[in-house]
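Worksheet: one structure, shown below.
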Amino acid sequence: MKKNQKPNILFLMCDQLQGKVFQGGSVCKTPNIDRVISKGINFTNAYTPNPVCSPARASLMTGLLPHNHGVVHVIHTIDEDQCCLRTGHPHFAQHLQKAGYRTGYFGKWHVERSNDPANFGWETTGDERIRQLSEQYGSNQNNGFIKAGYNLLPKGYKKSLLYGITNVQPEKRGAGLITQA
């Protein structure tokens, strides 16, 4: 890297994945992630401020504890006053923008209820590309399953796929379509 060149920042955030997967000796084979780690920084001792998805993501993005940023529950399961980021605290992407970075957010949001990462400094999201591919190929989220299990959610929530076994080729599934496009 040149003296005044800013490093690229790629932050991968996963739910329900043990950090041991990326450590030596894991039974999981992760050659691509291993290559990314070898060229960057791998934090091996990181702890969550909250074991719940939305408060933890909001804390990561704001640098604040849940009682300070206002998101204290999963955003889609609670009253609005407990799932919206309080204003006045810069978001991670806004700090990056001030430092001259272009920002992009791809994947599920689950940080706050507006579902609009642009409100928090993210210039690009994958939402439009996902919509285009879904229209082009049709949404196969619930198609092609030999066996599937769904989350049992309270009345008023859409059925949510928890797991499934499918015959649909990887390149024809949602994630495959997006990564190949």
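Being a predicted model, the structure only gives us computed values, none of them experimental.
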Next on the checklist: For Glu123, is there any backbone N or O sitting under 3.5 Å from a side-chain donor or acceptor partner on Thr103?
Outcome noted: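 Side chain of Thr103 to backbone of Glu123, a donor-acceptor pair under 3.5 Å: yes, one is there.
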
Checklist entry - Would you say the side-chain atoms of Ser54 pair up with the backbone N or O of Val111, donor to acceptor, closer than 3.5 Å? => result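 No.
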
Do [X] and [Y] sit in one hydrophobic cluster, given that two such residues count as connected whenever their side-chain heavy atoms are within less than 4.5 Å of each other, even indirectly?
X	Y	answer
Tyr101	Leu60	yes
Leu65	Met61	no
Phe11	Leu64	no
Val71	Trp109	yes

Distance in Å, [X] [atom1] paired with [Y] [atom2], rounded so as to fall on 0.5 Å steps:
X	Y	atom1	atom2	value
Cys28	Gln23	SG	CD	11.5 Å
Lys29	Asp34	NZ	CG	9.5 Å
Lys39	Asn8	NZ	CG	12.0 Å
Ile41	Ile9	CD1	CD1	9.0 Å
Asn68	His89	CG	NE2	6.5 Å

Item to check | Working for side chain to side chain contact (heavy atoms under 4.5 Å, CB included), residues Phe106 and Thr124 | outcome: CA-CA 8 Å; Phe106 302 88; Thr124 304; 3.7 Å; yes

Item to check | Minimum-distance pair of heavy atoms, taken over all atoms of Thr62 and His69 | outcome: OG1-CD2, 3.6 Å

Checklist outcome for this item: Scanning both residues in full, the closest heavy-atom pair of His95 with Pro90 reads NE2-CB, 3.4 Å

Checklist entry - Which word best sums up how the rings of His91 and Trp122 line up, parallel for under 30°, tilted for 30 to 60°, or perpendicular for over 60°? => result perpendicular

Next on the checklist: Under the salt bridge (Lys or Arg N to Asp or Glu O under 4.0 Å) definition, can you give me all pairs with a residue in residues 40-63, not counting sequence neighbours?
Outcome noted: Asp15-Arg57

Within the 4.5 Å heavy-atom criterion, are [X] and [Y] side-chain neighbours or not?
X	Y	result
Lys20	Ser26	no
Ser59	Pro66	yes
Phe22	Ile33	yes

